[in-house]
Amino acid sequence: MITLPGIEPSMIANNLTPFEPTHPGSLIREELEERKLTQAKLAAQIGVSASLLNEVINGKRPVNTELALLLEAALNIPAHMLLDLQWAYNMQLAKSDTSLMSRLANIPQVAAIL
């Protein structure tokens with residue numbers, strides 16, 4: 001988190017949380033459109049089902065390590081970038097879950113600071 005004297009940290013652009021998290025499928029969709037490549041063709045090229053790829057692109061399934069590596073080989077998008085996007089997406093969804101946040105707030109600190 002970035003802090004500046006006299007400015008509330010939540011008002012600094014780099015600290016803002018997007019209204020809607022960005023699923024890595026959005027990036028994959030944009031790449032396919034830019035390359036004029038169909039989902040079916042990419043799926044066949046990397047050896048996954050077209051339905052799996054479609055679900056990832058539509059944000060219904062996560063990008064896992066294996067798929068990230070396959071996509072890196074085919075599209076030259078670094079696997080770590082797709083996994084970082086997926087991690088950020090997962091974290092933002094979890095942090096917006098009020099039930100989970102309530103449970104977290106009620107967990108007592110049990111570990112001693114060394």
- Query: Closest heavy-atom contact between Ala50 and Ala40?
  - Reply: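 Minimum heavy-atom separation between Ala50 and Ala40: CB-CA, 4.4 Å.
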- Query: Nearest heavy-atom pair of Asn106 and Ser102: which atoms, and what distance?
  - Reply: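 Shortest heavy-atom contact: ND2-O, 3.0 Å.
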- Query: What residues join Leu100 in its hydrophobic cluster, counting side-chain heavy atom gaps under 4.5 Å, either direct or through other members?
  - Reply: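 Noted: Leu100 shares its cluster with Met101, Leu104, Ile107.
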- Item | Pairs involving residues 22-62, ordered by first then second residue, that meet ring pair (Phe, Tyr, Trp, His ring centres under 6.0 Å) (sequence neighbours left out) |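 Passing the test, one end in residues 22-62: His23-Tyr89.
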- Task: Could you list all the ring pair (Phe, Tyr, Trp, His ring centres under 6.0 Å) pairs where at least one residue sits in residues 46-72, not counting sequence neighbours?
- Result: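 Matches after skipping sequence neighbours: none remain.
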[X] [atom1] to [Y] [atom2] distance, which is reported to the nearest 0.5 Å:
X	Y	atom1	atom2	answer
Ile57	Glu55	CD1	CD	11.0 Å
Leu27	Thr22	CG	OG1	10.0 Å
Glu34	Glu30	CD	CD	9.0 Å
Arg29	Asn58	CZ	CG	5.0 Å
Leu53	Gln39	CG	CD	5.5 Å

Under 3.5 Å, which donor-acceptor pairs link side chains of residues 60-85 to any protein atom two or more places apart or in another chain?
unit_1, atom_1, unit_2, atom_2, d
Asn64, OD1, Glu66, N, 3.3
Asn64, OD1, Leu67, N, 2.8
Glu72, OE2, Ala79, N, 3.1

- Of all residues at least two apart in sequence or in a different chain, which pass the side chain to side chain donor-acceptor pair (under 3.5 Å) check with Ser96?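 By the side chain to side chain donor-acceptor pair (under 3.5 Å) rule, Ser96 matches no residue at all.
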- Query: Under the side chain to side chain donor-acceptor pair (under 3.5 Å) test, which residues partner Asn90, sequence neighbours left out?
  - Reply: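 Applying side chain to side chain donor-acceptor pair (under 3.5 Å) to Asn90 gives Gln86.
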